[in-house]
Protein chains: 2
Amino acid sequence: MSPAKRHAKVKMTDIAQAVGVSAMTVSRAFKGDTGVKPATRAAVLSKAEELGYVFDATAANLRQSRTGFVAVVVPSLENANFSATVRALSKALSQKNIQILLANTEYDVEEEERLIPQLLRRNPEAIVLIGTQHSKRTRALLKKAPVPVIEIWDLPREAIGHVVGFSNFDAVQLLVAHLVKSGRRRLGFLGGEAGNDPRGQQRRAGFVAALAQLALPAHRLVPLGTAPVGMTEGAAGLDRLLSQFPDTDGIICVSDLVGFGAVAQCARRGIAVPETLAIAGFGNYEIGRVCEPALTTVDVGAEQIGQRTAELVFDLLAPGNTRQGPRRFDIHPDLIVRRSTP
Amino acid sequence: MSPAKRHAKVKMTDIAQAVGVSAMTVSRAFKGDTGVKPATRAAVLSKAEELGYVFDATAANLRQSRTGFVAVVVPSLENANFSATVRALSKALSQKNIQILLANTEYDVEEEERLIPQLLRRNPEAIVLIGTQHSKRTRALLKKAPVPVIEIWDLPREAIGHVVGFSNFDAVQLLVAHLVKSGRRRLGFLGGEAGNDPRGQQRRAGFVAALAQLALPAHRLVPLGTAPVGMTEGAAGLDRLLSQFPDTDGIICVSDLVGFGAVAQCARRGIAVPETLAIAGFGNYEIGRVCEPALTTVDVGAEQIGQRTAELVFDLLAPGNTRQGPRRFDIHPDLIVRRSTP
DNA sequence: CGTGAAATAGTTATCGATAACATATGGAGG
DNA sequence: CCTCCATATGTTATCGATAACTATTTCACG
């Protein structure tokens, strides 16, 4: 810690005094455009530089009751899809100098319940939640909260506020349709255990519903354990699925990570993909693009969700915003066909 | 927006009035431990609940000049190693209700220079930076900043403040030693182009130095482009390396992602790994554990870095802290041998 | 030149919680 | 029954920037 750090904090009044103006003028000079003579502004800014002044956002925030940050609640950062969303969101927000207050729930609804009040105390301008499954208390808290709530990555029947997401349920149907069209009939699903990954469950529900509609059997379901499930679980899951249902001719996985685990396990076991077994993933992760054979998957537009969310935030914070009702953006996932399915 | 949201904000004085005590008593009741009669505290808390009171951290922060958040600057969140660190850090900090203010530089030193002043204005209690390469202005700014600076993920010769990291330079030597011990002599390196990934460059430098020390040729270097480089670049890089240096018998990759790309490409080209070509990765990503053959790699203790950083932050913020000099934690990476090397 | 609107600058009060200090109440001990 | 100290609570001023208002200067134009 250098000696400079021990100096008393420099504030606007110090600059004001040094330059010979009032604190208000300094404040105006910093904000940029209001009526301050260019010469005065220059003097203020140079003196500020000289004194090593650092603007105190806390004080400004209190006075203005605007904080300029957005709270973001994620189930996990290690999921490349979620981090892509956060990245896109962060990038867009930082353009307008809005900061992100990050909270990580580890897929735990109770942890979320504990964290959200902590975030709300800081008066974020909006709160963005990946996921739409919350505890009763959390929902009640957010409903009353004096900030816009944006749930993303899903399309809940009953949203708390705004929504930017897609239907996991529908997205899986793209994959089912594709596999069925290419002649597969005995389809299995890896992932989506009842529990802490609502998106995974929805994908499974979508799978079951799609098969039911086609009058195909939908009993080949293998849960993989507690989220997050990854490549390791995919490999183990494939073995489990095939030992229970050896005649399976197509598998849809809850994510590309699981899909890759399954494909890799097939390679080890000498099962031909896609000839003997077609395998599809979900989420368009990099691994699905690179593995052998490359995975058919669904691109859910992770970046797009982040981008759109940022735009929504800008909209909500726009000065003239006549708070209309809650908004709902439906992102449409794209089917990406690759070599792992015929 | 529910009607409740239009209500004027409830503050401590409102509760005080409703309960018939002073604002100070309400404040004390919330803090928990100071001398407040249990009955009074109960009355205050229940009234607060009833009125839907939300504590305003901004005001408290201003008064106390403590904000309770830590700024975290990352080059990228999509790197699983970095997000593991952030996750561990976030998890530990949230235990003590310290929030994370996140900033993403996208591996861009100028973006970092733009973002850090924004963060400093918010009076974080500490600023954590992944990486030790900063612009001159950034360094100067951080040196003067009235908050502890913690650089992580590297061991810089000249740190700004505290350090929690490991030597990328040394870590690679573990891999070189391992490959050489198993008889490989014509080693190549994929990654670490001069540019925006200083950690990658250090790994390459470590590779060159290790070979030089063993009097082995160290010219088989293939840059992959601008960070972040991943699986795709690994596959392309392998082709490039083998076309330039067909006799290569061992490759060290700047990350497991690149390593996987290389291994996958070998599978496509029918090159036997590790018999013909040994391949090692870096970072102990999940992919390296699951791919075929599994990758020999170096575990750099990403979570451990986050954990340690949190502990350091706690230490620095401890009330009785007699600010000693800067601290330096050297994390020791571990070699993990798997099937991709003999 | 004089006048008034625009441009520039200053004053005062405020955002909401709390540190620091001041005061009231209760009960133990003499 | 009174002193004294611990416990419980109240008062006042403050953190630093800025909204809202007021005051002054500038200058275009008649």
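Letters A, B, ... mirror the listed sequences (proteins, then strands); counts begin at 1. None of the values given here were measured: they were computed from a predicted structure.
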If I take atom [atom1] in residue [X] and atom [atom2] in nucleotide [N], what distance separates them, rounded to the nearest angstrom?
X	N	atom1	atom2	value
A:Gln64	C:dG16	CD	C1'	15 Å
A:Arg63	D:dC15	CZ	P	17 Å
A:Lys11	D:dT14	NZ	P	10 Å
B:Met12	D:dG10	CE	C1'	15 Å
B:Ile15	D:dT9	CD1	P	16 Å
A:Asp14	D:dG16	CG	P	9 Å
A:Lys9	D:dC15	NZ	P	11 Å
A:Arg121	C:dA17	CZ	P	10 Å

Between [options], which nucleotide gets closest to the side-chain atoms of [X]?
X	options	value
B:Leu62	D:dG16, D:dT18, C:dA17	D:dG16
B:Lys37	D:dT9, C:dA17, D:dG16	D:dT9
B:Phe55	C:dT18, D:dA17, D:dT9	C:dT18
B:Val36	C:dA19, C:dG16, D:dT9	D:dT9
B:Arg28	D:dA20, D:dT9, D:dT18	D:dT9

Could you check whether [X] gets within reach of a base, just the sugar-phosphate, or nothing at all, counting any heavy atom under 4.0 Å?
X	result
B:Thr40	sugar-phosphate
B:Val21	sugar-phosphate
B:Thr25	sugar-phosphate

Plane angle bin for B:Phe82 and B:Tyr107 - parallel if under 30°, tilted between 30 and 60°, otherwise perpendicular: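 Ring orientation, 0 to 90° scale: tilted.
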
Mind telling me whether A:Tyr53 and A:Phe30 have parallel, tilted or perpendicular rings, with 30° and 60° as the class edges?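 Rings of A:Phe30 and A:Tyr53: tilted, as their planes differ by 30° to 60°.
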
Quick check against the 3.5 Å criterion: does [X] have a side-chain atom that pairs as donor or acceptor with the backbone of [Y]?
X	Y	answer
A:Asp108	A:Thr105	no
A:Glu125	A:Thr67	yes
A:Glu151	A:Ile160	yes

Between B:Ser65 and A:Phe30, just flag the one whose closest nucleotide in DNA chain D comes earlier from the 5' side.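 By nearest-heavy-atom nucleotide position, the 5'-most residue is B:Ser65.
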
Base, backbone or nothing for each nucleotide of nucleotides 23-28 of chain C, written B, S, -, heavy atoms under 4.0 angstrom, 5' to 3'? ------

Heavy-atom pair with the smallest gap, counting every atom of B:Leu141 and B:Pro117: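 Distance-wise, the nearest heavy atoms are CD2-CG, 3.7 Å.
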
Looking only at non-hydrogen atoms, find the nearest pair between B:Val163 and B:Ala159 and report the distance.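 Heavy atoms of B:Val163 and B:Ala159 come nearest at CG2-CB, 3.3 Å.
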
From B:Asn104 atom CG to A:Arg87 atom CZ, the distance as rounded to the nearest 0.5 Å: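 It comes to 7.0 Å.
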
Is any side-chain N or O of A:Tyr53 closer than 4.0 Å to OP1 or OP2 of D:dG16?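 Indeed not, no polar side-chain atom of A:Tyr53 lies that close.
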
Between B:Met24 and B:Asp56, name the one whose nearest nucleotide on DNA chain C is closer to the 5' end.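 Nearest-nucleotide comparison on DNA chain C picks B:Asp56.
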
